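These numbers come from a predicted model, not from an experiment.
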Amino acid sequence: MERIEHGSEIIWYDPECFDSFQRDFFEIDYWREQDAISGKAVGRNTTWFVKDAVCDKVLRHYYRGGMIGRVMEDTFLHVAESKSRAMSEFTVLAKLYRRGLPVPRPCAARMVRSNLVYRADIILSLVANSLDLVAVLKDRALTQEEWQSVGKTIRRFHDAGLYHADLNSHNILLDTDGKIWLIDFDKCHFREPNTWTRENMDRLLRSFRKEKGLHPDFHWQESDWRILLNSYKAK
C-alpha cells in the first residue's frame with residue numbers, strides 16, 4: 001500500500017491496481033473526459049462504474065444517512081486517518097482479500113480534510129458479470145445449490161470474524177460463474193464470533209422478507225431461507 005499526502009488530501013492506494021496512479025482518479029469528471037464511464041448504480045447516492053486498463057473499477061463517494069445526512073450530507077467529523085470511513089473500509093477489504101474471501105479488491109481510498117470535518121471516497125475493483133440477489137430474484141428463482149452457496153459464503157465471513165454492518169440482499173452478488181460475493185463494507189469490522197452472527201443473519205432474513213413485500217414477482221420463499229440457513233450451519 002502506498003500513501004500520498006497533498007495539502008488537505010490523504011490517499012492510500014494499491015499500485016498493482018493501476019498502471020500509473022493519479023489523484024484525479026477520484027474525480028468522476030476525469031473518467032468522463034476519458035470516455036471511460038461504463039455505468040452507474042443509483043440508490044440513495046450514485047456509484048460509478050469506470051473502465052480502466054488494469055481492471056474495471058467502482059468509484060464511490062461517502063454520504064451520511066438518516067436525519068443528520070440532511071445537514072451534513074457528505075462531511076464527517078475529523079478522526080484519525082486510519083479511522084476515517086474510506087481508510088477503515090480499505091483496511092477491512094484488504095484483510096478479507098488477502099484471506100481469499102470473495103470481495104472486491106480495494107484499489108484506493110481518500111480523505112480530504114477541511115477544518116473539523118472531512119470528505120471521503122473509495123475505489124474498488126468491479127465484480128464483473130454479476131447482479132445483486134434482489135436483481136436476480138426479480139427475474140428468476142435461485143437453485144438449491146445457489147442458496148447453499150450463499151449460506152456457505154456468509155459462514156466463511158463470519159468464521160473470519162467479519163461483522164457486516166449492512167448484510168442485506170442488495171449486498172450479496174451472484175456472478176455468471178455461480179460465485180457468491182459480498183460488497184459494501186462501510187462501517188464493517190472484525191469481532192470475536194458471538195451473538196452478533198445471529199443478529200447479522202436475522203437482518204438478512206428481514207431484507208428478503210422486505211423485498212418480497214415490495215415486489216409481487218420476487219422469486220423468494222421461506223423454504224429458500226431454510227436451505228440457506230442449513231448450509232450456513234453445516235460444518
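- No hydrogens or angles considered: nothing links the side chains of His164 and Asn200 as a donor-acceptor pair under 3.5 Å.
- His170 and Leu173 get closest at one heavy-atom pair: O-CD2, 4.4 Å.
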Test log, rule side chain to side chain contact (heavy atoms under 4.5 Å, CB included), inputs Phe26 and Ile122: CA-CA 8 Å; Phe26 285 101; Ile122 195 165; 5.8 Å; no
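- The aromatic rings of His158 and Tyr232 sit perpendicular to each other, their planes meeting at more than 60°, with 30° as the lower class boundary.
- Ionic pairing of Arg60 and Glu89 is present here: one or more N-O contacts between side-chain nitrogen and carboxylate oxygen are shorter than 4.0 angstrom.
- Taking the ring centre of Trp225 as origin, the terminal cationic atom of Arg209 falls outside the region bounded by 6.0 Å and 45° from the ring axis.
- Distance check, rounded to the nearest 0.5 Å: OG of Ser88 to CG of Leu93 gives 11.0 Å.
- Taking each heavy atom of Asp52 and Cys55 in turn, the nearest pair found is CB-O, 3.2 Å.
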Full working for side chain to side chain contact (heavy atoms under 4.5 Å, CB included) between Ile172 and Ile154: CA-CA 9 Å; Ile172 303 173; Ile154 297 171; 4.2 Å; yes
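- The pair Asp29-Arg32 counts as a salt bridge, with a side-chain nitrogen and a carboxylate oxygen less than 4.0 angstrom apart.
- For Asp202 and Arg206, the salt-bridge test fails: no basic side-chain N is under 4.0 Å from an acidic carboxylate O.
- Checked by atom type and distance alone, the side chain of Thr197 never pairs as donor or acceptor with a backbone atom of Pro193 at under 3.5 Å.
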Residue pair Ile37, Ile28: steps toward the side chain to side chain contact (heavy atoms under 4.5 Å, CB included) verdict: CA-CA 8 Å; Ile37 298 174; Ile28 194 59; 3.9 Å; yes
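- Judged as a salt bridge (charged side-chain N to carboxylate O under 4.0 Å, His left out), the pairs with a partner in residues 167-189 (not counting sequence neighbours) are, in order, Arg85-Asp186.
- Few gaps surround CD on Glu145; more than 12 heavy atoms of other groups in view lie less than 6.0 Å from it.
- Cluster membership for Val150 and Leu229, using ILVMFWY side-chain heavy atoms within less than 4.5 angstrom, is shared.
- The shortest side-chain heavy-atom distance between Val54 and Asp19 falls under the 4.5 Å cut-off.
- Annotation: the span from Leu96 atom CG to Arg156 atom CZ amounts to 10.0 Å, rounded to 0.5 Å.
- There is a path of hydrophobic side-chain contacts, each under 4.5 Å, that joins Phe90 to Tyr118.
- Proximity of Leu167 to Leu182: side-chain heavy atoms (C-beta onward) are separated by under 4.5 Å at one or more points.
- The main-chain N or O of Leu228 is never found under 3.5 Å from a side-chain atom of Ser231 such that the two would form a donor-acceptor pair.
- Residues Val134 and Phe218 have side chains in contact (heavy-atom distance under 4.5 Å, counting atoms from C-beta outward).
- No donor-acceptor distance shorter than 3.5 angstrom exists from the side chain of Lys212 to the backbone of Gln221, with no hydrogens or angles considered.
- Side chains of Leu162 and Val92 form a contact here, defined as non-hydrogen atoms less than 4.5 Å apart.
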Test side chain to side chain contact (heavy atoms under 4.5 Å, CB included) applied to Lys95 and Arg98, step by step: CA-CA 5 Å; Lys95 289 180 180 178; Arg98 287 196 298 268; 3.5 Å; yes
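- From Leu126, atom CG reaches atom OG of Ser38 across 6.5 Å, with rounding to the nearest 0.5 Å.
- In this structure the side chain of Ile10 never reaches within 4.5 angstrom of the side chain of Ile4, judged on heavy atoms.
- Phe21 does not carry Arg3 over the face of its six-membered ring by the limits of under 6.0 Å from the centre and within 45° of the normal.
- Geometric assessment of Lys57 against the ring of Phe25 yields a negative cation-pi assignment under the 6.0 Å and 45° thresholds.
- Heavy-atom contacts from other residues, nucleotides or ligands closer than 6.0 Å to CG of Leu214 number more than 12.
- The side-chain heavy atoms of Gln148 and Gln144, taken from C-beta on, include a pair separated by under 4.5 Å.
- For Asn168 against Ser207, the heavy-atom pair with the smallest separation is CB-OG, 3.4 Å.
- The SG atom of Cys188 sits 10.0 Å away from atom CZ of Phe157, with the distance rounded to the nearest 0.5 Å.
- Contact check for Arg64 versus Asp74: no side-chain heavy atoms found under the 4.5 Å cut-off.
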Residue pair Asp35, Lys51: steps toward the salt bridge (charged side-chain N to carboxylate O under 4.0 Å, His left out) verdict: CA-CA 9 Å; Asp35 194 26; Lys51 291 187 175 295; over 6 Å; no
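- For the atom pair CG of Asp224 and CD of Glu146, the computed distance is 10.5 Å after rounding to the nearest 0.5 Å.
- No chain of hydrophobic side-chain contacts below 4.5 Å, direct or via other Ile, Leu, Val, Met, Phe, Trp or Tyr residues, connects Trp48 to Val58.
- Within the 4.5 Å cutoff, the side chain of Phe49 has no heavy atoms near those of the Asp56 side chain.
- Minimum interatomic distance between Glu211 and Ser169 (heavy atoms only, all atoms of both residues): CG-OG, 3.6 Å.
- Clustering ILVMFWY residues whenever any of their side-chain heavy atoms sit less than 4.5 angstrom apart, transitively, puts Met201 in the very cluster that holds Leu137.
- Taken to the nearest 0.5 Å, the CG atom of Leu59 stands 13.0 Å off from the NZ atom of Lys40.
- For Asp24 against Tyr30, the heavy-atom pair with the smallest separation is O-CB, 3.3 Å.
- Follow the hydrophobic side-chain contacts under 4.5 Å out from Ile183 and you never reach Leu174; the two are in separate clusters.
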Which atom pairs, one a donor and one an acceptor, fall under 3.5 Å between side chains of residues 100-114 and the rest of the protein, sequence neighbours left out?
| from | atom 1 | to | atom 2 | distance (Å) |
| --- | --- | --- | --- | --- |
| Arg105 | NE | Asp14 | OD2 | 3.1 |
| Arg105 | NH2 | Asp14 | OD2 | 2.9 |
| Arg105 | NH2 | Glu16 | OE1 | 2.7 |
| Arg110 | NE | Asp121 | OD1 | 3.2 |
| Arg110 | NH1 | Glu9 | OE2 | 2.9 |
| Arg110 | NH1 | Glu27 | OE2 | 2.9 |
| Arg110 | NH2 | Glu27 | OE2 | 3.2 |
| Arg110 | NH2 | Asp121 | OD1 | 3.0 |

